[in-house]
Enquirer: 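Attaching a single structure in C-alpha coordinates format; questions to follow.
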Amino acid sequence: MVIYNGRKVAVVTGANRGIGFEICKELAELGLEVILTSRDEEKGKAACRRLQDRKLPVQYHQMDVRYKDSIYRLSAFLKKEIGRCDILVNNAGIFPDAQNAGGDEWPSVFTTPVDTVRTAMETNVYGPMQVCQAIVPLMIKNNYGRIVNLSSGMGQLTYMNGHCPGYRISKTGINALTRILSEELKDYNILINSMCPGWVKTEMGGQGATREVREGADTAIWLATLSDGGPSGKFFRDRKVFVW
Ligand code: NAP
(Lines give C-alpha, C1' and ligand atoms only; values in the text may rest on other atoms or scores of the structure.)
Protein backbone atom coordinates (compact mmCIF):
# COMPACT_ATOMS: atom_id res chain seq x y z
CA MET A 1 0.00 0.00 0.00
CA VAL A 2 1.40 3.40 -1.01
CA ILE A 3 1.15 5.81 1.87
CA TYR A 4 1.59 9.56 1.36
CA ASN A 5 4.94 10.70 2.79
CA GLY A 6 4.94 7.37 4.64
CA ARG A 7 1.79 8.35 6.49
CA LYS A 8 -1.91 7.59 6.33
CA VAL A 9 -4.02 10.55 5.21
CA ALA A 10 -6.95 11.95 7.20
CA VAL A 11 -9.52 14.57 6.15
CA VAL A 12 -11.43 16.43 8.87
CA THR A 13 -14.38 18.71 8.04
CA GLY A 14 -15.22 21.90 9.95
CA ALA A 15 -11.83 21.81 11.62
CA ASN A 16 -10.95 25.48 12.13
CA ARG A 17 -12.14 25.31 15.74
CA GLY A 18 -13.75 23.16 18.42
CA ILE A 19 -13.74 19.38 18.33
CA GLY A 20 -12.64 19.24 14.67
CA PHE A 21 -9.49 21.24 15.39
CA GLU A 22 -8.65 18.98 18.35
CA ILE A 23 -9.17 15.87 16.17
CA CYS A 24 -6.71 17.29 13.58
CA LYS A 25 -4.14 18.01 16.28
CA GLU A 26 -4.39 14.54 17.83
CA LEU A 27 -4.37 12.64 14.52
CA ALA A 28 -1.29 14.62 13.44
CA GLU A 29 0.38 13.89 16.80
CA LEU A 30 -0.19 10.20 16.04
CA GLY A 31 1.81 10.70 12.83
CA LEU A 32 -0.98 10.94 10.28
CA GLU A 33 -0.91 13.41 7.40
CA VAL A 34 -3.93 15.59 8.19
CA ILE A 35 -5.91 17.71 5.73
CA LEU A 36 -7.60 20.36 7.89
CA THR A 37 -10.64 21.73 6.05
CA SER A 38 -12.97 24.63 6.75
CA ARG A 39 -15.62 26.63 4.94
CA ASP A 40 -13.82 29.91 5.69
CA GLU A 41 -10.37 29.90 4.15
CA GLU A 42 -8.87 32.59 6.37
CA LYS A 43 -9.98 30.92 9.61
CA GLY A 44 -8.92 27.48 8.37
CA LYS A 45 -5.46 28.62 7.27
CA ALA A 46 -4.90 30.35 10.62
CA ALA A 47 -5.91 27.16 12.47
CA CYS A 48 -3.65 25.09 10.23
CA ARG A 49 -0.69 27.41 10.89
CA ARG A 50 -1.14 26.90 14.64
CA LEU A 51 -0.54 23.18 14.12
CA GLN A 52 2.22 23.62 11.53
CA ASP A 53 4.02 25.91 14.01
CA ARG A 54 4.21 22.86 16.27
CA LYS A 55 5.82 20.95 13.37
CA LEU A 56 2.75 18.76 12.94
CA PRO A 57 2.05 17.26 9.47
CA VAL A 58 -1.08 19.26 8.68
CA GLN A 59 -2.07 20.96 5.45
CA TYR A 60 -5.06 23.10 4.60
CA HIS A 61 -7.81 22.75 2.02
CA GLN A 62 -11.04 24.71 1.78
CA MET A 63 -14.30 22.74 1.88
CA ASP A 64 -17.82 23.94 2.59
CA VAL A 65 -19.81 20.72 3.01
CA ARG A 66 -22.97 22.37 1.66
CA TYR A 67 -21.53 22.84 -1.80
CA LYS A 68 -20.79 20.05 -4.24
CA ASP A 69 -18.23 22.14 -6.19
CA SER A 70 -16.28 22.82 -3.02
CA ILE A 71 -16.38 19.13 -2.03
CA TYR A 72 -15.28 17.98 -5.49
CA ARG A 73 -12.38 20.47 -5.50
CA LEU A 74 -11.10 18.69 -2.39
CA SER A 75 -11.61 15.19 -3.81
CA ALA A 76 -9.86 16.22 -7.08
CA PHE A 77 -6.92 17.50 -5.00
CA LEU A 78 -6.81 14.23 -3.05
CA LYS A 79 -6.87 12.16 -6.24
CA LYS A 80 -4.29 14.24 -8.11
CA GLU A 81 -1.87 15.31 -5.39
CA ILE A 82 -2.13 12.61 -2.76
CA GLY A 83 -3.77 9.58 -4.35
CA ARG A 84 -5.53 8.44 -1.24
CA CYS A 85 -7.72 9.19 1.76
CA ASP A 86 -7.60 6.74 4.64
CA ILE A 87 -9.66 8.52 7.25
CA LEU A 88 -12.61 10.89 6.96
CA VAL A 89 -14.05 12.66 9.99
CA ASN A 90 -17.42 14.26 9.21
CA ASN A 91 -17.24 16.75 12.06
CA ALA A 92 -18.72 19.96 10.57
CA GLY A 93 -22.05 20.68 12.18
CA ILE A 94 -24.50 23.43 13.04
CA PHE A 95 -27.22 23.88 15.66
CA PRO A 96 -29.52 26.39 13.94
CA ASP A 97 -32.61 25.95 16.13
CA ALA A 98 -31.86 28.62 18.73
CA GLN A 99 -30.40 31.09 16.20
CA ASN A 100 -33.64 31.01 14.24
CA ALA A 101 -35.88 31.29 17.29
CA GLY A 102 -35.01 34.74 18.60
CA GLY A 103 -32.87 33.49 21.47
CA ASP A 104 -35.21 30.74 22.73
CA GLU A 105 -32.61 28.05 23.44
CA TRP A 106 -35.03 25.14 23.24
CA PRO A 107 -37.56 26.09 20.57
CA SER A 108 -40.64 23.94 20.22
CA VAL A 109 -41.53 21.94 17.13
CA PHE A 110 -44.69 24.10 16.96
CA THR A 111 -42.76 27.34 16.54
CA THR A 112 -39.83 26.05 14.49
CA PRO A 113 -40.00 26.93 10.79
CA VAL A 114 -39.42 23.92 8.55
CA ASP A 115 -36.59 25.94 7.00
CA THR A 116 -34.65 25.48 10.24
CA VAL A 117 -34.80 21.72 9.74
CA ARG A 118 -33.76 22.14 6.08
CA THR A 119 -30.81 24.29 7.13
CA ALA A 120 -29.69 21.69 9.68
CA MET A 121 -30.07 18.87 7.17
CA GLU A 122 -27.98 20.71 4.54
CA THR A 123 -24.89 20.82 6.74
CA ASN A 124 -25.39 17.92 9.14
CA VAL A 125 -26.67 15.23 6.73
CA TYR A 126 -26.52 16.17 3.04
CA GLY A 127 -23.02 17.54 3.64
CA PRO A 128 -21.51 14.29 5.00
CA MET A 129 -23.45 12.30 2.39
CA GLN A 130 -21.93 14.31 -0.48
CA VAL A 131 -18.49 14.27 1.12
CA CYS A 132 -18.72 10.46 1.31
CA GLN A 133 -19.88 10.27 -2.32
CA ALA A 134 -16.78 12.22 -3.35
CA ILE A 135 -14.16 10.63 -1.09
CA VAL A 136 -15.18 7.03 -0.37
CA PRO A 137 -14.34 5.87 -3.94
CA LEU A 138 -10.69 6.60 -3.05
CA MET A 139 -11.03 4.38 0.01
CA ILE A 140 -12.68 1.61 -2.02
CA LYS A 141 -9.78 1.78 -4.49
CA ASN A 142 -7.31 1.20 -1.65
CA ASN A 143 -9.57 -1.24 0.23
CA TYR A 144 -9.03 0.79 3.40
CA GLY A 145 -11.05 3.43 5.16
CA ARG A 146 -12.22 4.68 8.54
CA ILE A 147 -15.13 7.14 8.62
CA VAL A 148 -16.31 8.89 11.78
CA ASN A 149 -19.63 10.75 11.80
CA LEU A 150 -20.05 13.29 14.61
CA SER A 151 -23.58 12.75 15.82
CA SER A 152 -25.20 13.60 19.15
CA GLY A 153 -27.25 12.09 21.95
CA MET A 154 -29.90 14.57 20.76
CA GLY A 155 -30.31 12.34 17.69
CA GLN A 156 -30.97 9.21 19.76
CA LEU A 157 -34.42 7.80 18.93
CA THR A 158 -34.64 5.70 22.09
CA TYR A 159 -34.48 8.72 24.38
CA MET A 160 -35.75 11.37 21.95
CA ASN A 161 -36.98 14.46 23.78
CA GLY A 162 -39.00 17.46 22.65
CA HIS A 163 -37.64 20.76 21.26
CA CYS A 164 -34.87 21.65 18.77
CA PRO A 165 -36.29 19.55 15.91
CA GLY A 166 -33.75 20.85 13.38
CA TYR A 167 -30.70 19.60 15.23
CA ARG A 168 -32.38 16.45 16.55
CA ILE A 169 -33.77 15.29 13.19
CA SER A 170 -30.47 15.99 11.43
CA LYS A 171 -28.48 13.99 13.98
CA THR A 172 -30.92 11.08 13.69
CA GLY A 173 -30.39 11.47 9.93
CA ILE A 174 -26.61 11.19 10.12
CA ASN A 175 -27.05 8.04 12.19
CA ALA A 176 -29.20 6.55 9.40
CA LEU A 177 -26.50 7.55 6.90
CA THR A 178 -23.93 5.67 9.00
CA ARG A 179 -26.06 2.52 8.84
CA ILE A 180 -26.71 2.80 5.09
CA LEU A 181 -23.03 3.37 4.28
CA SER A 182 -21.79 0.60 6.55
CA GLU A 183 -24.11 -1.86 4.81
CA GLU A 184 -23.01 -0.75 1.33
CA LEU A 185 -19.33 -0.84 2.33
CA LYS A 186 -19.34 -4.15 4.16
CA ASP A 187 -17.29 -5.90 1.45
CA TYR A 188 -14.43 -3.43 1.84
CA ASN A 189 -12.07 -2.77 4.68
CA ILE A 190 -13.97 0.45 5.40
CA LEU A 191 -15.39 0.95 8.89
CA ILE A 192 -17.91 3.72 9.48
CA ASN A 193 -19.42 4.68 12.81
CA SER A 194 -21.38 7.48 14.47
CA MET A 195 -20.35 8.93 17.80
CA CYS A 196 -21.56 11.40 20.42
CA PRO A 197 -18.77 13.52 21.95
CA GLY A 198 -20.82 14.42 25.05
CA TRP A 199 -21.47 18.02 26.06
CA VAL A 200 -18.26 19.80 25.10
CA LYS A 201 -16.91 23.32 25.75
CA THR A 202 -16.90 24.74 22.24
CA GLU A 203 -18.73 27.55 20.49
CA MET A 204 -21.62 25.13 19.96
CA GLY A 205 -21.56 23.55 23.43
CA GLY A 206 -20.93 26.82 25.33
CA GLN A 207 -18.65 27.37 28.31
CA GLY A 208 -21.14 25.72 30.70
CA ALA A 209 -20.48 22.36 29.05
CA THR A 210 -19.06 19.56 31.17
CA ARG A 211 -16.30 18.28 28.88
CA GLU A 212 -13.05 19.64 27.51
CA VAL A 213 -12.45 19.31 23.75
CA ARG A 214 -9.86 16.59 24.41
CA GLU A 215 -12.55 14.40 26.02
CA GLY A 216 -14.97 15.18 23.19
CA ALA A 217 -12.41 14.11 20.60
CA ASP A 218 -11.32 10.90 22.32
CA THR A 219 -13.89 8.49 20.82
CA ALA A 220 -13.43 10.05 17.36
CA ILE A 221 -9.67 9.39 17.49
CA TRP A 222 -10.29 5.82 18.60
CA LEU A 223 -12.80 5.19 15.78
CA ALA A 224 -10.54 6.88 13.20
CA THR A 225 -7.72 4.48 14.03
CA LEU A 226 -9.64 1.20 14.48
CA SER A 227 -7.80 -1.98 13.54
CA ASP A 228 -9.05 -4.12 10.64
CA GLY A 229 -12.12 -6.14 11.66
CA GLY A 230 -13.25 -3.45 14.11
CA PRO A 231 -16.87 -2.37 14.56
CA SER A 232 -18.85 -0.71 11.77
CA GLY A 233 -22.38 0.68 11.52
CA LYS A 234 -22.57 1.44 15.23
CA PHE A 235 -23.14 4.44 17.49
CA PHE A 236 -20.57 5.13 20.26
CA ARG A 237 -20.05 7.38 23.22
CA ASP A 238 -16.98 7.11 25.45
CA ARG A 239 -15.75 4.21 23.28
CA LYS A 240 -18.82 2.19 24.28
CA VAL A 241 -21.82 1.26 22.11
CA PHE A 242 -24.57 3.83 22.59
CA VAL A 243 -28.19 2.92 21.89
CA TRP A 244 -29.60 4.45 18.66
P1 NAP B 1 -18.36 24.30 16.80
O2 NAP B 1 -17.33 24.77 17.74
O3 NAP B 1 -19.57 25.13 16.54
O4 NAP B 1 -17.62 23.98 15.41
C5 NAP B 1 -18.34 23.60 14.28
C6 NAP B 1 -17.43 23.62 13.08
O7 NAP B 1 -18.19 23.25 11.93
C8 NAP B 1 -16.85 25.02 12.80
O9 NAP B 1 -15.52 24.88 12.38
C10 NAP B 1 -17.73 25.52 11.67
O11 NAP B 1 -17.11 26.48 10.82
C12 NAP B 1 -17.91 24.20 10.92
N13 NAP B 1 -18.97 24.27 9.91
C14 NAP B 1 -20.26 24.67 10.05
N15 NAP B 1 -20.89 24.62 8.87
C16 NAP B 1 -19.98 24.18 7.95
C17 NAP B 1 -20.01 23.92 6.57
N18 NAP B 1 -21.13 24.13 5.85
N19 NAP B 1 -18.90 23.44 5.96
C20 NAP B 1 -17.79 23.23 6.66
N21 NAP B 1 -17.67 23.49 7.98
C22 NAP B 1 -18.76 23.95 8.61
O23 NAP B 1 -18.92 22.86 17.20
P24 NAP B 1 -18.27 21.60 17.95
O25 NAP B 1 -18.82 21.58 19.30
O26 NAP B 1 -16.80 21.55 17.73
O27 NAP B 1 -19.01 20.44 17.15
C28 NAP B 1 -18.38 19.52 16.28
C29 NAP B 1 -19.36 18.40 15.99
O30 NAP B 1 -19.72 17.74 17.21
C31 NAP B 1 -20.67 18.89 15.38
O32 NAP B 1 -21.09 17.98 14.38
C33 NAP B 1 -21.64 18.87 16.54
O34 NAP B 1 -22.98 18.73 16.14
C35 NAP B 1 -21.13 17.69 17.34
N36 NAP B 1 -21.51 17.73 18.76
C37 NAP B 1 -21.06 18.73 19.58
C38 NAP B 1 -21.46 18.74 20.92
C39 NAP B 1 -20.96 19.78 21.91
O40 NAP B 1 -21.40 19.76 23.07
N41 NAP B 1 -20.08 20.70 21.53
C42 NAP B 1 -22.32 17.74 21.40
C43 NAP B 1 -22.77 16.76 20.53
C44 NAP B 1 -22.35 16.77 19.22
P45 NAP B 1 -17.26 28.08 11.08
O46 NAP B 1 -16.20 28.46 12.08
O47 NAP B 1 -17.00 28.66 9.72
O48 NAP B 1 -18.64 28.32 11.58
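No experiment lies behind these values; they were computed from the predicted model shown. Numbering of ligands and ligand atoms starts at 1, following listing order.
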Enquirer: Does ligand 1 have a heavy atom under 4.0 Å from the side chain of Lys43, from its backbone, from both, or from neither?
Expert: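 Near ligand 1, Lys43 shows its side chain, while the N, CA, C and O stay back.
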Enquirer: What atoms of ligand 1 come closer than 4.0 angstrom to any heavy atom of Gly205?
Expert: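 This gives 40 (O), 41 (N) as the contact atoms.
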Enquirer: Check whether more than 12 heavy atoms from other residues, nucleotides or ligands sit under 6.0 Å from atom OH of Tyr188, and answer yes or no.
Expert: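 No - once you tally the heavy atoms of other residues, nucleotides and ligands closer than 6.0 Å, there are 12 at most.
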Enquirer: Just need the protein heavy atom nearest to atom 3 (O) of ligand 1, so name the residue and atom and give the distance.
Expert: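 Minimum-distance protein heavy atom for atom 3 (O) of ligand 1 reads Arg17 NH1, 2.8 Å.
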Enquirer: Going by distance alone, is a donor N or O of one side chain under 3.5 Å from an acceptor N or O of the other, for Asn90 and Asn149?
Expert: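 Present: a donor and an acceptor within the cut-off.
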Enquirer: Check whether any side-chain heavy atom of Ile147 sits under 4.5 Å from a side-chain heavy atom of Met139, and report yes or no.
Expert: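 With C-beta onward as the side chain, the pair touches.
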Enquirer: Taking heavy atoms and a distance under 4.0 Å, where does Thr123 meet ligand 1: side chain, backbone, both or neither?
Expert: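 It is the side chain that touches ligand 1; the backbone stays farther off.
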Enquirer: Let me confirm one number: the NZ-NE2 distance from Lys45 to His61, rounded to the nearest 0.5 Å.
Expert: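 So the gap between those two atoms works out to 10.0 Å.
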Enquirer: If we ignore angles and hydrogens, is there a donor and acceptor under 3.5 Å between the side chains of Ser70 and Asp64?
Expert: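 No pair is found: no donor N or O on one side chain lies under 3.5 Å from an acceptor on the other.
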Enquirer: Quick one: which of Ser70, Ala92, Gly155, Ser151 has a heavy atom closest to atom 22 (C) of ligand 1?
Expert: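 Nearest option to atom 22 (C) of ligand 1, by heavy atoms: Ala92.
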Enquirer: Of the side chain and backbone of Tyr167, name the one, both, or neither that has a heavy atom under 4.0 Å from an atom of ligand 1.
Expert: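 It is the side chain that touches ligand 1; the backbone stays farther off.
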Enquirer: What protein heavy atom is closest to atom 47 (O) of ligand 1, reported as residue, atom name and distance in Å?
Expert: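 I find the closest protein heavy atom is Arg39 NE, 2.9 Å.
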Enquirer: What atoms of ligand 1 come closer than 4.0 angstrom to any heavy atom of Arg66?
Expert: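 Counting atoms of ligand 1 from 1, those under 4.0 Å from Arg66 are 18 (N).
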Enquirer: Does even one non-hydrogen atom of Gly127 get within less than 4.0 Å of ligand 1?
Expert: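 Per 4.0 Å heavy-atom rule, Gly127 does not contact ligand 1.
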Enquirer: We want to know whether Asn16 and Ser38 form a side-chain donor-acceptor pair, criterion being a heavy-atom distance below 3.5 angstrom.
Expert: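 No, Ser38 and Asn16 have no side-chain donor paired with an acceptor closer than 3.5 Å.
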Enquirer: Answer yes or no: does an N/O atom from Cys196 fall short of 3.5 Å to an N/O atom of ligand 1?
Expert: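 For ligand 1, there is no N or O atom that lies under 3.5 Å from one belonging to Cys196.
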Enquirer: Honestly curious: do Val12 and Ile71 fall in one hydrophobic cluster under the side-chain, below-4.5 Å linking rule?
Expert: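 Val12 does not cluster with Ile71.
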Enquirer: Do me a favour and list the nearest non-hydrogen protein atom to atom 39 (C) of ligand 1 with residue, atom name and distance?
Expert: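 Heavy-atom neighbour on the protein nearest atom 39 (C) of ligand 1: Val200 N, 3.5 Å.
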Enquirer: Go through the steps for Arg237 and Asp218 under the test salt bridge (charged side-chain N to carboxylate O under 4.0 Å, His left out), then give the verdict.
Expert: CA-CA 9 Å; Arg237 179 171 164 156; Asp218 175 71; over 6 Å; no
Enquirer: Quick one: look at Met63 and ligand 1, take heavy-atom pairs under 4.0 Å, and tell me if it's side chain, backbone, both or neither.
Expert: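 Met63 to ligand 1: backbone contact only, side chain stays beyond 4.0 Å.
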Enquirer: Using a 4.5 Å cut-off between side-chain heavy atoms of Ile, Leu, Val, Met, Phe, Trp and Tyr, which other residues end up in the same hydrophobic cluster as Met160?
Expert: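 Members besides Met160, by chain and number: Leu157.
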Enquirer: Please confirm whether Lys171 approaches ligand 1 to less than 4.0 Å, judged on its heavy atoms.
Expert: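 Contact check Lys171 vs ligand 1: positive.
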Enquirer: Applying a strict under-4.5 Å side-chain criterion to I, L, V, M, F, W and Y, I'd like to know whether Val65 and Met129 cluster together.
Expert: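 The answer is yes; both residues are in one hydrophobic cluster.
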Enquirer: Do any nitrogen or oxygen atoms of Ala15 come within less than 3.5 Å of a nitrogen or oxygen of ligand 1?
Expert: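 N/O-N/O distance under 3.5 Å: no.
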Enquirer: Note the single closest protein heavy atom to atom 5 (C) of ligand 1, along with its residue, its atom name and the distance in Å.
Expert: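 The closest one turns out to be Gly93 O, 3.7 Å.
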Enquirer: Give a yes or no answer on whether the side chain of Arg118 reaches the backbone of Pro113 with a donor-acceptor pair at less than 3.5 Å.
Expert: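 No, because the side chain of Arg118 does not come within donor-acceptor range (under 3.5 Å) of the backbone of Pro113.
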Enquirer: Before signing off on this row, confirm whether Trp199 and ligand 1 have an N or O atom pair separated by under 3.5 Å.
Expert: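 No, there is no polar N/O contact under 3.5 Å.
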Enquirer: In terms of residue, atom name and distance, what is the protein heavy atom nearest to atom 26 (O) of ligand 1?
Expert: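 Going atom by atom, the protein heavy atom closest to atom 26 (O) of ligand 1 ends up being Ile19 N, 2.8 Å.
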Enquirer: To the nearest 0.1 Å, how far is atom 31 (C) of ligand 1 from its closest protein heavy atom, and which atom is that?
Expert: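 Nearest neighbour among protein heavy atoms for atom 31 (C) of ligand 1, to 0.1 Å: Asn91 O, 3.2 Å.
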Enquirer: Ignoring hydrogens and angles, state whether a donor on the side chain of Ser194 or Thr178 is under 3.5 Å from an acceptor on the partner side chain.
Expert: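 Yes, because at least one side-chain N or O of Ser194 sits under 3.5 Å from a partner of the opposite role on Thr178.
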Enquirer: For Glu203, counting its heavy atoms only, list the atoms of ligand 1 lying under 4.0 Å from any of them.
Expert: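 Those of ligand 1 that fall under 4.0 Å from Glu203 are 2 (O).
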Enquirer: Measure up the Phe95 and Tyr167 rings against each other and bin them: parallel (under 30°), tilted (30 to 60°), perpendicular (over 60°).
Expert: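 Because their plane-to-plane angle is under 30°, the rings of Phe95 and Tyr167 count as parallel.
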Enquirer: Any non-hydrogen atom of Gly206 lying under 4.0 Å from ligand 1?
Expert: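 No.
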Enquirer: Atom 12 (C) of ligand 1: which protein heavy atom is closest, and how many Å away?
Expert: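 Atom 12 (C) of ligand 1 sits closest to the protein heavy atom Gly14 CA, 3.7 Å.
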Enquirer: Flag Ile94 as yes when one of its N or O atoms lies below 3.5 Å from any N or O atom of ligand 1, and as no otherwise.
Expert: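 It does not: no N or O of Ile94 is found under 3.5 Å from an N or O of ligand 1.
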Enquirer: Identify the closest protein heavy atom to atom 38 (C) of ligand 1: which residue and atom is it, and at what distance?
Expert: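 Result for atom 38 (C) of ligand 1: Gly198 O, 3.7 Å.
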Enquirer: Any nitrogen or oxygen of Ser38 lying under 3.5 Å from a nitrogen or oxygen in ligand 1? Just yes or no.
Expert: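 No; the residue has no nitrogen or oxygen that sits under 3.5 Å from a nitrogen or oxygen of the ligand.
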Enquirer: Once you measure the plane-to-plane angle for Phe236 and Trp222, does it fall in the parallel (<30°), tilted (30-60°) or perpendicular (>60°) bin?
Expert: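 Because their plane-to-plane angle is over 60°, the rings of Phe236 and Trp222 count as perpendicular.
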